[in-house]
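Heavy atoms only: backbone and side chains are in, while hydrogens, waters and symmetry mates are out.
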Amino acid sequence: MAQPATPPLKHELDIVIPTMRNLHFLEMWRPFFEPYHLIIVQDGDPSKSIQVPDGFDYELYNRNDVNRVLGPNANCIAFKDSACRCFGFLMAKKKYIFTIDDDCFVAKDPSGREINALQQHIENLLTPSTPFFFNTLYDPYRDGTDFVRGYPFSLREGVPTAISHGLWLNIPDYDTPTQLVKPLERNTRYVDAVVTVPKGTLFPLCGMNLAFNRELIGPAMYFGLIGDASFGRCDDMWAGWCAKVICDHLSLGVKTGLPYVWHNEANNPFDTMKKEQKGIYWLEQIIPFFQSVVFPKECTTVQRCFIELSKLVKEKLGPIDPYFHQLGDSMVAWIESWEELNS
């Protein structure tokens, strides 16, 4: 009798989930997630009990654990926000991380087949990226495609993929103003494509359906000091901007597109309006800042790049608001914590 196939990267991948509720959503994901180790980071009141369905292998952490493990650096981990997932990135010891929000469910492709989002992320991470020259047939490493005529042969080997950014059907990942003017809009477009984000191009990373190579880019996947600050709902995008400029500098790749998940819970725009107001305003200065970042040649590791970036944040963005001085300090505390726990 044939033995069942071992799930891909079973011993090399952790799943990180931020939550403040019972994790009944895992039942839908059981066929795909059950073989893997889960790291659950509980937001909110640490005395509250979180229920996890039977059969899953998991660790559960809360604010008390953050304080215990990180000590004086504990404040670099934001709570009252899904940015608390960063503590899971610190505690993970596997090569790869997949992180998903607890309001994301299994989506179906146009044929009605359930999408194994984790498997697609793994395929993305295990194939190269092509950030230096755009292939008009998108990802040339997928079955049924290749490099088109005119693509330089010297670039066809590609570069290692550090980040796989997935998308979502149903509730779009909109900001508050867009959500207010399009309250009933739903994303029904399934695009069967994976693309490499070109070098020098930023994008708005969403943390609800995301995987990355922890060894290649882990120290840059810091979702920022958010909490009660007025930069709410920008935590994942901050990680994306930091990670992307570092990937560009170190010749690493970022893929976006497949896989899709079913996003089932819209934020109340009247609740999020106050959280987002400064972030929307600051965005017009933050993006030119990241577009102008140039790292010294001695920045040869993610950690060195991130420390250099923390200095630039304080120097260039600090005059906008004192918050960015605090954020720059928390970026240093994050790297100190990473070094301590991953030495």
inquiry  = Determine whether His165 and Phe203 satisfy the following criterion, ring pair (Phe, Tyr, Trp, His ring centres under 6.0 Å), listing intermediate values before the conclusion.
reply    = CA-CA 10 Å; His165 178 255; Phe203 73 106; 5.3 Å; yes
query = After noting the C-alpha distance and the side-chain angles of Arg214 and Lys95, does the key distance pass the side chain to side chain contact (heavy atoms under 4.5 Å, CB included) rule?
reply = CA-CA 5 Å; Arg214 190 173 178 275; Lys95 182 175 180 178; 5.9 Å; no
query = Run the side chain to side chain contact (heavy atoms under 4.5 Å, CB included) check on Leu13 and Tyr36 step by step: do they pass?
reply = CA-CA 7 Å; Leu13 183 144; Tyr36 296 89; 3.9 Å; yes
message = Set out, in order, the CA-CA distance, both residues' side-chain angles and the distance that settles ring pair (Phe, Tyr, Trp, His ring centres under 6.0 Å) for Trp238 and Phe290, then state yes or no.
response = CA-CA 10 Å; Trp238 182 262; Phe290 278 105; 5.2 Å; yes
request  = Carefully, step by step, assess Ile115 and Tyr190 under the rule side chain to side chain contact (heavy atoms under 4.5 Å, CB included).
outcome  = CA-CA 12 Å; Ile115 299 168; Tyr190 179 94; 3.7 Å; yes
message = Using side chain to side chain donor-acceptor pair (under 3.5 Å), reason through Thr301 and Arg304 one step at a time and then give a plain yes or no.
response = CA-CA 5 Å; Thr301 66; Arg304 286 188 178 185; 4.6 Å; no
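The backbone N or O of Asp103 sits nowhere less than 3.5 Å from a side-chain atom of Asp101 that would complete a donor-acceptor pair. Under the 3.5 Å distance criterion, the side-chain polar atoms of Asn213 are matched with a main-chain donor or acceptor of Glu215. Between the side chain of Thr161 and the main chain of Val254, no donor-acceptor pair closer than 3.5 Å is present. Between the Lys48 side chain and the Met20 main chain, a donor and an acceptor come within less than 3.5 Å of each other. One N or O on the side chain of Glu276 and one on the backbone of Thr176 form a donor-acceptor pair closer than 3.5 Å. Side-chain N or O atoms of Thr19 include one that pairs as donor or acceptor with a backbone N or O of Arg21 at under 3.5 Å. Of the possible polar contacts, none joining the Arg156 side chain to the Phe147 backbone as a donor-acceptor pair under 3.5 Å is found. A donor-acceptor pair is defined here as one N or O able to donate and one able to accept, closer than 3.5 Å; such a pair exists between the side chain of Asn135 and the backbone of Tyr138. Side chain of Asn209 to backbone of Leu167: a donor-acceptor contact under 3.5 angstrom is found. Checking side-chain atoms of Asn124 against main-chain N and O of Leu258 turns up a donor-acceptor pair under 3.5 Å.
Counting heavy atoms from C-beta outward, Cys104 and Trp168 have side chains that stay 4.5 Å or more apart. In this structure, Phe25 and Ile17 have side chains that are in contact, with non-hydrogen atoms separated by less than 4.5 Å. Side-chain contact between Leu169 and Val261 is absent, with no heavy atoms from C-beta onward closer than 4.5 Å. A heavy-atom distance below 4.5 Å is not found between the side chains of Arg113 and Lys108. In this structure the side chain of Asp321 reaches within 4.5 angstrom of the side chain of Lys278, judged on heavy atoms. Pro18 is listed as a side-chain neighbour of Cys84, based on a closest heavy-atom distance under 4.5 Å. Taking the side chain as every heavy atom from C-beta outward, Leu26 and Leu23 approach each other to under 4.5 Å.
Relative orientation of the Phe98 and His121 rings is tilted, given thresholds of 30° and 60° on the angle between their planes. Relative ring orientation between His249 and Phe295 is described as tilted, the plane-to-plane angle lying within the 30° to 60° band. Note on ring orientation: taking the six-membered ring where Trp is involved, the planes of Trp29 and Phe32 are perpendicular (angle over 60°, cut-offs 30° and 60°).
Atom OG1 of residue Thr196 and atom CD1 of residue Ile163 lie 12.0 Å apart, to the nearest 0.5 angstrom. Considering CD of Gln303 and CD of Glu336, their distance stands at 12.5 Å, rounded to 0.5 Å. Distance CD1/Ile335 to CG/Leu309: 10.0 Å, rounded to 0.5 Å. Here Leu283 contributes atom CG and Cys234 contributes atom SG; the two are 6.5 Å apart, rounded to the nearest 0.5 Å. Note that CG of Asp81 and CG of Asp235 are 4.0 Å apart. Values are rounded to the nearest 0.5 Å. Taking CD1 of Ile246 as the start and CG of Leu252 as the end, the distance is 10.0 Å to the nearest 0.5 Å.
Remark: the Asp173 side chain and the His263 side chain contain no N/O donor-acceptor pair separated by less than 3.5 Å. Looking only at atom types and distance, the side chain of Arg142 has no donor-acceptor partner in the side chain of Thr145 under 3.5 Å away. Side chains of Tyr222 and Ser330: a donor-acceptor N/O pair is present below 3.5 angstrom, by distance only. A side-chain N or O of Thr127 and one of Lys255 form a donor-acceptor pair less than 3.5 Å apart. Side-chain atoms of His37 and Asp57 form a donor-acceptor pair, as typed in the model, at a separation below 3.5 Å. Residues Gln179 and Asp175 have side chains that never bring a donor and an acceptor to within less than 3.5 angstrom of each other. Looking only at atom types and distance, the side chain of Tyr174 has a donor-acceptor partner in the side chain of Glu185 under 3.5 Å away.
Cluster membership check: Ile15 does not share its hydrophobic cluster with Phe89, using side-chain heavy-atom separations under 4.5 Å among Ile, Leu, Val, Met, Phe, Trp and Tyr. By the rule that hydrophobic residues join a cluster once side-chain heavy atoms approach within less than 4.5 Å of another member, Ile39 and Leu118 end up as members of separate clusters. When the side chains of ILVMFWY residues are joined at heavy-atom separations under 4.5 Å, either directly or via intervening members, Leu210 and Leu38 end up in two distinct hydrophobic clusters. Both Trp241 and Tyr281 are part of a single hydrophobic cluster, where members link through side-chain heavy atoms under 4.5 Å apart. Hydrophobic clustering, with ILVMFWY side chains joined whenever heavy atoms are under 4.5 angstrom apart, groups Leu327 together with Ile287.
With a 6.0 Å radius and a threshold of 12 heavy atoms from other residues, nucleotides or ligands, Lys182 has its NZ atom at or below the threshold. Glu340 CD: 12 or fewer foreign heavy atoms inside a 6.0 Å radius. Remark: Glu298 CD is packed, more than 12 non-hydrogen atoms of other residues, nucleotides or ligands lying under 6.0 Å away. Heavy-atom contacts from other residues, nucleotides or ligands closer than 6.0 Å to NZ of Lys316 number 12 or fewer.
Taking all atoms of both residues into account, the shortest heavy-atom contact from Met221 to Ala243 is SD-CB, 3.8 Å.
For Tyr61, the ring-ring contact (aromatic ring centres under 6.0 Å, His included) criterion is met by Phe87, not counting sequence neighbours. Listed by chain and residue number, Ile307, Met331, Val332 satisfy the side chain to side chain contact (heavy atoms under 4.5 Å, CB included) test with Ser310 (two or more places apart in sequence, or in another chain). The side chain to side chain contact (heavy atoms under 4.5 Å, CB included) test applied to Leu341 returns Val69, Leu70, Leu90, Met91, not counting sequence neighbours.
Ring centroid separation for the pair Tyr151 and Phe133 comes in under the 6.0 Å cut-off. If you look at Phe306 and Trp338, their ring centroids are not closer than 6.0 Å.
With salt bridges taken as basic N to acidic carboxylate O contacts below 4.0 Å, one links Asp329 and Lys314. Salt-bridge formation is not detected for the pair Asp45/Arg63: no Lys NZ or Arg NE/NH1/NH2 atom is positioned less than 4.0 Å from an Asp or Glu carboxylate oxygen.
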